[in-house]
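The structure under discussion appears below in the form of structure tokens.
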Amino acid sequence: MEGLEDLERGVLDKLLAGEHPVLAALREQAQRGRLLSRERTGVGFYCSFEVPREVPIVEPRNFEIDDVNGELQGLAHGAGFVLFVRDGRLDTLEGFSYDEPWPPVVNEFKLTYQREPRELKLPDPSGVSPS
Amino acid sequence: MTALATLVATLLRFRTRGCVVLACIAAMLCTSVNASALERVQTKTRVWDFSSAAPLNTWLERSATPRTHPENPLARSEPASASPHAARAAPKAIDPNKLHHIFGQAKHKLGPLLEKFGGSQEAAFRAVESATQTAARNQGLTGVFKTTVEVGGQNVVVKGTVIDGTARIGSFWIP
């Protein structure tokens with residue numbers, strides 16, 4: 001996806017990694033979608049996405065993926081991330097800190113899953129639907 | 001009033017000029033002592049900002065008023081001497097950026113939760129924070145966690161981390 005910063009791209013890739021058909025479909029959306037807007041809140045960020053109508057949507061249509069954590073330069077307690085899927089499409093990526101300001105620049109980071117190996121529980125594995 | 005009566009009685013009993021002078025000095029000293037005692041009570045009342053200073057009132061006058069802070073009815077059960085500690089244990093101020101980050105995002109769907117708290121983001125945040133702290137303690141959560149708490153009849157998903165035994169909120173939303 002064009003326009004993402006290194007951290008945002010790294011988080012999105014990590015969140016969407018895996019063989020699950022829903023994750024595969026979301027990766028295709030990420031490849032064909034674009035960054036619509038970015039908001040920095042002082043304690044995190046929001047990236048909003050736009051996915052073309054012709055790209056297949058996923059079922060279930062509304063859920064979140066949030067099992068990626070980050071160790072970031074400038075954050076003593078790390079960061080968390082949430083990917084919101086709405087109406088079957090990638091919608092928003094959220095990043096946030098815990099009890100400390102978000103650093104103005106993030107050059108170094110390390111991303112991990114909440115549990116290793118990953119234990120991602122998607123609401124329903126019914127897969128992909130035509131858009 | 002007691003001092004005045006003493007002065008009059010003294011004047012009636014001793015009618016010489018020297019005694020009048022001595023009686024006046026005694027009356028002034030008596031008034032001064034009473035004023036000092038009252039001033040101490042008032043000073044303490046102002047310092048602690050309680051509606052009365054009960055420990056002194058209990059011997060100055062029997063009808064002690066309740067030790068109630070005008071803005072904190074919960075302080076009713078606290079002894080006046082504990083007020084400095086209570087002030088030190090006051091909850092940490094919420095970062096306005098955190099409030100904006102969490103409540104300013106429509107995807108979080110926190111409207112129904114806010115309604116339950118009269119639109120107060122701070123009150124809603126405090127409620128979620130308190131429920132999360134309880135959940136963290138009951139579930140023995142450590143490090144980064146995700147949990148769901150019920151606040152105001154809403155199931156709220158909370159992402160946080162435990163720092164020095166205290167649950168710190170990263171973000172929360174209603175799924």
Side-chain angles (χ1 to χ4, degrees), chain A residues 15 36-49 60-72 75-87 89-104 110-116 119-124, chain B residues 90-113 121-122 124-126 128-133 135-136 139-149 154-175:
Chain A
L15 285 165
L36 197 61
S37 66
R38 177 187 292 111
E39 180 190 4
R40 302 183 201 276
T41 62
V43 292
F45 67 84
Y46 289 99
C47 290
S48 297
F49 307 125
R61 298 191 176 199
N62 299 295
F63 61 96
E64 298 85 31
I65 306 175
D66 54 24
D67 64 336
V68 170
N69 301 318
E71 295 174 25
L72 275 61
L75 284 182
H77 304 298
F81 306 94
V82 186
L83 178 64
F84 291 86
V85 176
R86 292 290 181 265
D87 298 324
R89 293 184 170 85
L90 293 176
D91 190 290
T92 304
L93 175 64
E94 174 184 3
F96 51 83
S97 59
Y98 302 101
D99 217 28
E100 56 187 330
W102 192 264
K110 179 185 175 185
L111 303 175
T112 56
Y113 290 117
Q114 179 71 28
R115 284 186 169 78
E116 302 275 2
E119 295 179 1
L120 180 62
K121 293 174 184 173
L122 291 172
D124 183 82
Chain B
K92 185 181 172 187
I94 305 170
D95 183 350
N97 284 339
K98 180 62 85 176
L99 292 178
H100 170 72
H101 180 96
I102 292 174
F103 290 99
Q105 175 56 249
K107 298 293 179 302
H108 286 182
K109 298 193 287 188
L110 294 171
L113 179 69
Q121 295 181 355
E122 184 166 335
F125 185 94
R126 292 278 186 218
V128 172
E129 186 178 50
S130 175
T132 303
Q133 183 62 40
Q139 298 169 26
L141 299 177
T142 57
V144 176
F145 65 84
K146 174 186 177 182
T147 190
T148 300
V149 295
Q154 306 289 325
N155 286 324
V156 182
V157 177
V158 182
K159 290 273 289 182
T161 190
V162 177
I163 302 171
D164 296 332
T166 302
R168 304 293 188 186
I169 288 178
S171 188
F172 57 78
W173 66 92
I174 294 176

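Values in this document were obtained by computation on a predicted structure and should not be read as measured data. First the proteins, then the strands, lettered A, B, ... as listed; each starts at 1.
Across A:R86 and B:K107, no two heavy atoms sit closer than the pair NH2-O, 3.8 Å. A:Y98 and B:R168 get closest at one heavy-atom pair: CD2-O, 3.9 Å.
Ranking B:I163, B:I169, B:D95 against chain A, the residue ahead of the rest is B:I163, based on heavy-atom pairs under 4.5 Å.
For A:D99 and B:K92, the salt-bridge test passes: some basic side-chain N is under 4.0 Å from an acidic carboxylate O.
By the 6.0 Å contact criterion, NZ on B:K109 is enclosed, its count of non-hydrogen atoms from other residues, nucleotides or ligands being greater than 12.
The main-chain N or O of A:S97 is found under 3.5 Å from a side-chain atom of B:K98 such that the two form a donor-acceptor pair.
Atom NZ of B:K159 sits about 5.5 Å away from atom CZ of A:F96, to the nearest 0.5 Å.
At a threshold of 4.5 Å between non-hydrogen side-chain atoms, the residues B:N97 and A:T41 do not count as touching.
The aromatic rings of B:W173 and A:F84 lie perpendicular to each other, with more than 60° between the two planes, well past the 30° mark.
For A:F45 and B:H101, the ring centers are positioned 6.0 Å apart or more.
Listed by chain and number, the residues in a ring pair (Phe, Tyr, Trp, His ring centres under 6.0 Å) with A:F49 amount to none (sequence neighbours excluded). With sequence neighbours excluded, the residues forming a side chain to side chain donor-acceptor pair (under 3.5 Å) with A:Q114 are A:N69, listed by chain and number.
Side chain to side chain, A:E39 and B:H100 meet the donor-acceptor criterion of an N or O pair below 3.5 Å.
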